[in-house]
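Reading through the structure tokens given below for one structure.
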Amino acid sequence: MATRRIMSIGVVMQAQWPSRVFAIELDKSGAFLHFALREKAQCTATAPPPPPPETFTHDQRCYSLFVCGGGGGDHRVQSARFHWALRERLRSELPAECELLPVSSYLPRVQGSLIKGYFLKDASECPLRTERVLSDLSRSEEAGGVVVCSYHHQRGGDGSQCVSQQVMMWPLAENQHVDISKQTSCYVVPSEALDYHPSALNVANSDVFYSLEEATKVLEECGDIIPESRAVLQLLGQRAPSRHSPGFPVVVIEGLDATGKTTLTQSLREALGASLLRSPPQCLSPWRPCFDREPPLLRRAFYAVGNYITAQQMGQEASRAPVIVDRYWHSTAAYAIATAASGPVSSLPPEGSDLYRWPSDLLQPSLVVLLTLDPRERQRRLEDRGEVQTKEEQELDLDRLFRLRVEEAYGRIRGPACVTVDAGPSADKVLQRVLHLIREHCRL
Ligand SMILES: Nc1ncnc2c1ncn2[C@@H]1O[C@H](COP(=O)(O)OP(=O)(O)OP(=O)(O)O)[C@@H](O)[C@H]1O
Ligand SMILES: Nc1ccn([C@@H]2O[C@H](COP(=O)(O)O)[C@@H](O)[C@H]2O)c(=O)n1
């Protein structure tokens, strides 16, 4: 099985290697370095080697690492967990002078083509220690192994400079007869950037699930590794997800943390004599911390399934009374899309992208209200709850970018779209405003 997996991903990567673009994430504020590979054989003796992208001109040894099973497919759970754990392993085993950056390899505009990896800049005195760690990794059979490449800066007699990539380790099974000679040495050339974060290519069914079937598939695949996933699936039970339009209105309240969702949902329950639900539902609480520690593929599948369990509860409750729901699909999709990207709002998948669509099999609420709040007031409310961490300025700025991405993603989701309400006024004023919206939008 492992060999088949190595074969499939290894061959796919090998066949596409020269067409792929590599995007090194230089920092969380969204700065990328894009490069492509050009086979040396294609460059004639008369043409000078292409000038290298900037980051490679440093006097540092550079490496890239890609988990072979990094794409979709039958071992995606193992690959995702291996890639997730690899960061900690590299951080603890590599010399402290090694800088570790995320790198993505993808085929431009090809959905699902993204493979995630790490880019390593080694400024340590002892390159052997780094190479030993990489060599140990290459022997790892987990998730199909790791492709490791090194980058070499060269200066020609005429003063020209170039960078070449050498494949150090390509863990293909011996009997697969895959010829990697073409990939062993390539020139590294600058490449055009995508208009958005490359993660958008793999968001569907890795970060956001557009049907119950796709989300449950992930939990089924990890049943042996994470027994908790079986318990979650059992809770989902045999009942078909609720898709029918319920008798009473279902109103979802969304927003970043500390925007006042709990306060408002409780007041709405009292004012309307409504049932109050939340997603993820209470019954999933024992397993939430476990999935919060897992990589996005598993974590997001858990929250997606949570929405379907809440939808079943909504269907039942809405036959008796209005239903108020604290978080639902908008939260799942907006946080997932905003976390997969980094940097400014412009790095999100473009407005109107199919990635913002509502899953066709998930109960649609009658109204979705998004609470927005001035960041300083939100900070003040967090402080009142004793939750403000002393953060470095830089971290605060990254936090600000993340909040902006989440809010923008919330606003781009369609089917239903959310209605924005300023949560800055007093709790009672916010309640009155939302009650007014409910009367306007829903039959009561
Ligand atoms: N309109 C308001 N004006 C002033 N303070 C408010 C208002 N609404 C809520 N608060 C206060 O702000 C804090 C955060 O509110 P709340 O817990 O309702 O937010 P939340 O969105 O549910 O947060 P989380 O998602 O983190 O649970 C609480 O201390 C609450 O009392
Ligand atoms: N329907 C949901 C609800 C929540 N999430 C994720 O949980 C985090 C926020 O939850 P709080 O309990 O802290 O308010 C957030 O990181 C979301 O990723 C979700 O995905 N779907």
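We count ligands from 1, going down the list as the structure has it; atoms in each ligand are counted the same way.
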For this session: List for me each residue that meets side-chain hydrogen bond (donor to acceptor under 3.5 Å, both in side chains) alongside Arg376, sequence neighbours excluded, and say none if there are none.
Result: Asp374
Problem set entry | Summary of salt bridge (Lys or Arg N to Asp or Glu O under 4.0 Å) pairs that have at least one residue in residues 422-431, sequence neighbours excluded | none
Exercise. Under a strict 4.0 Å criterion on non-hydrogen atoms, which protein residues are in contact with ligand 1?
Worked result: Leu256, Asp257, Ala258, Thr259, Gly260, Lys261, Thr262, Thr263, Arg327, Arg381, Arg385, Ala423, Pro425, Ser426, Ala427
Problem set entry | Geometric class of the His34/Tyr106 ring pair [parallel <30°, tilted 30-60°, perpendicular >60°] | perpendicular
Exercise. With a cut-off of 6.0 Å (strictly less than), are more than 12 heavy atoms of other residues, nucleotides or ligands near CG of Asp384?
Worked result: yes
Exercise. Which of parallel (below 30°), tilted (30 to 60°) and perpendicular (above 60°) describes Phe35 and Tyr151?
Worked result: perpendicular
Exercise. Measuring from each atom of ligand 2, which residues have a heavy atom under 4.0 Å away?
Worked result: Arg278, Ser279, Pro280, Arg288, Arg299, Arg300, Tyr303, Asn307, Arg327, Tyr328, Ser331, Thr332, Tyr335
For this session: Look only at the side chain of Glu97 and the backbone of Asp122, and say whether a donor-acceptor pair between them is shorter than 3.5 Å.
Result: no
Exercise. Is there a side chain to side chain donor-acceptor pair (under 3.5 Å) between Gln165 and Ser150 once you walk through the steps?
Worked result: CA-CA 6 Å; Gln165 174 190 271; Ser150 59; over 6 Å; no
For this session: Considering only NZ, NE, NH1 and NH2 on the basic side and carboxylate oxygens on the acidic side, decide whether Glu220 and Lys217 come within less than 4.0 Å.
Result: no
Exercise. How about His83 and Phe66: are their ring centres within less than 6.0 Å of each other?
Worked result: no
